[in-house]
S.K.: 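Dropping a structure here in structure tokens format, bear with me for questions.
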There are 2 protein chains.
Amino acid sequence: MDDGFARLPDPPYWAVIFSSRRRGRTTPADDDAYRSAAARMEQLAAGRPGYLGIESTRDGEGLGITVSYWDSSEAIRAWRADAEHSLIRDRGRADWYEHYELRVARVERAYGWDDART
Amino acid sequence: MDDGFARLPDPPYWAVIFSSRRRGRTTPADDDAYRSAAARMEQLAAGRPGYLGIESTRDGEGLGITVSYWDSSEAIRAWRADAEHSLIRDRGRADWYEHYELRVARVERAYGWDDART
């Protein structure tokens, strides 16, 4: 995902929409640990059956949205139950997040647009 | 949406996941126009039947994800056909975006978590 966009097949497929706010006061060590964990999560997800891709962004105020894409609802349930994923999730609750919302959705239609001039 | 999170009913409901990259070279006037248009889009959407809420974030490199939530697929189709929405979309293609992907999905399950300490 060099440009930040996931390359996906035609729908239907599934999306996990994860909206989160990080805690306000963080230390550089916290930030490093968070970045390492986020990278590890992405690496773990990418190794799971049914993983299709991920898109993720976070603004300067700590509000982030990460959408991971999967080929089935079952793949998402299995990923949710992954042991190392669970450990990192617990760490996220203990140390990094103030609030999050997670929504599991079935993608029915998709459109893309690219500026041919660039 | 003071804290950036949409307040939503229990699923099922619908999501429009809009991932976009803004063009690299922008002027302050561009940025102002973009921010005004984004605010206007949000105001327009909020006035449409079936609108439930929105979450939006963009990082310092111009990668943004906006997810708007709707009570039906039909509400999304109607919003897509809205005349002023179409005008702003055309402007986005002409002036602001390098690339975007739009996915329409039916949310089947949702979970939230809040740090009770904050």
Side-chain angles (χ1 to χ4, degrees), chain A residues 1 3-8 11-25 53-67 69 73 76-77 80 89 92-118, chain B residues 1 3-8 11-25 53-67 69 73 76-77 80 89 92-118:
Chain A
M1 39 159 274
D3 63 358
F5 292 97
R7 267 66 180 171
L8 301 175
Y13 48 80
W14 288 73
V16 178
I17 307 164
F18 179 73
S19 305
S20 64
R21 183 169 294 282
R22 285 196 57 195
R23 298 220 186 122
R25 289 188 205 107
I54 196 165
E55 294 174 347
S56 187
T57 188
R58 184 175 301 279
D59 70 17
E61 278 87 53
L63 183 68
I65 301 178
T66 296
V67 189
Y69 292 97
S73 176
I76 294 169
R77 288 191 194 275
R80 192 179 183 211
R89 186 168 52 222
R93 290 177 180 171
D95 291 345
W96 298 314
Y97 293 121
E98 187 176 299
H99 185 92
Y100 67 71
E101 299 287 340
L102 191 150
R103 290 143 186 146
V104 178
R106 184 177 192 269
V107 177
E108 306 283 351
R109 324 192 271 282
Y111 317 89
W113 180 84
D114 192 76
D115 183 359
R117 293 167 296 183
T118 60
Chain B
M1 40 159 273
D3 64 357
F5 292 97
R7 266 66 181 172
L8 301 174
Y13 48 82
W14 288 72
V16 179
I17 306 164
F18 179 73
S19 305
S20 63
R21 182 169 296 282
R22 285 196 57 193
R23 296 217 187 125
R25 288 188 206 106
I54 197 165
E55 295 173 348
S56 187
T57 188
R58 185 174 301 278
D59 68 19
E61 279 87 54
L63 182 68
I65 301 178
T66 296
V67 189
Y69 293 96
S73 176
I76 293 169
R77 287 191 195 276
R80 192 180 184 212
R89 186 168 52 222
R93 290 176 180 171
D95 291 346
W96 298 315
Y97 293 121
E98 187 176 298
H99 185 91
Y100 67 70
E101 299 287 340
L102 191 150
R103 291 145 185 143
V104 178
R106 184 178 192 266
V107 177
E108 305 283 351
R109 321 191 275 281
Y111 318 88
W113 180 83
D114 193 75
D115 182 359
R117 293 166 297 183
T118 60

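Here is how names work: the chains are called A, B, and so on, in the same order as the sequence lines, proteins then strands, and each is numbered from 1.
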S.K.: By a 4.5 Å heavy-atom criterion (distance strictly below it), what part of B:Ser73 contacts chain A: side chain, backbone, both, or neither?
M.R.: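 Both parts, backbone and side chain.
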S.K.: Below 4.5 Å from any heavy atom of chain A, which atoms of B:Arg58 appear? Answer side chain, backbone, both or neither.
M.R.: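 The backbone, not the side chain.
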S.K.: Counting only non-hydrogen atoms closer than 4.5 Å, does B:Phe18 touch chain A with its backbone (N, CA, C, O), its side chain (CB onward), both, or neither?
M.R.: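 For B:Phe18, neither part sits under 4.5 Å from chain A.
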S.K.: Would you confirm whether B:Thr57, through its side chain, and A:Asp59, through its main-chain N or O, come within 3.5 Å as a donor-acceptor pair?
M.R.: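 Here the side-chain-to-backbone pair exists.
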S.K.: What heavy-atom pair brings B:Trp113 and A:Tyr97 nearest, and what distance separates the two atoms?
M.R.: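 Scanning both residues, the minimum pair turns out to be CZ3-O, 3.4 Å.
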S.K.: What distance separates A:Asp3 CG from B:Glu98 CD, expressed to the nearest 0.5 Å?
M.R.: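 It is 8.5 Å, given to the nearest 0.5 Å.
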S.K.: Starting at CD1 of A:Ile65, measure out to CD of B:Glu55 and round the result to the nearest 0.5 Å.
M.R.: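 One finds 5.5 Å between CD1 of A:Ile65 and CD of B:Glu55.
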S.K.: Starting at CZ of B:Arg80, measure out to OH of A:Tyr111 and round the result to the nearest 0.5 Å.
M.R.: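 It is 4.0 Å, given to the nearest 0.5 Å.
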S.K.: With side chains defined as the heavy atoms from C-beta onward, is the minimum distance between A:Arg103 and B:Leu8 less than 4.5 Å?
M.R.: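 The answer is yes; the side chains approach within 4.5 Å.
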S.K.: Looking at every non-hydrogen atom in both residues, tell me the closest pair between B:Tyr100 and A:Phe5 and how far apart they are.
M.R.: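 Answer, listing the atom of B:Tyr100 first, then A:Phe5: CA-CE2, 4.2 Å.
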S.K.: Using non-hydrogen atoms only, which part of B:Ile17 is less than 4.5 Å away from chain A: side chain, backbone, both, or neither?
M.R.: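 The side chain, not the backbone.
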S.K.: Among B:Ala110, B:Gly112, B:Ser19, who wins on heavy-atom pairs under 4.5 Å with chain A?
M.R.: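 Option with the greatest count: B:Ser19.
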S.K.: Testing A:Arg93, A:His99, A:Arg21 for side chain to side chain donor-acceptor pair (under 3.5 Å) with B:Asp114, which one passes?
M.R.: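 So, applying the side chain to side chain donor-acceptor pair (under 3.5 Å) to B:Asp114 and each of A:Arg93, A:His99, A:Arg21, only A:His99 qualifies.
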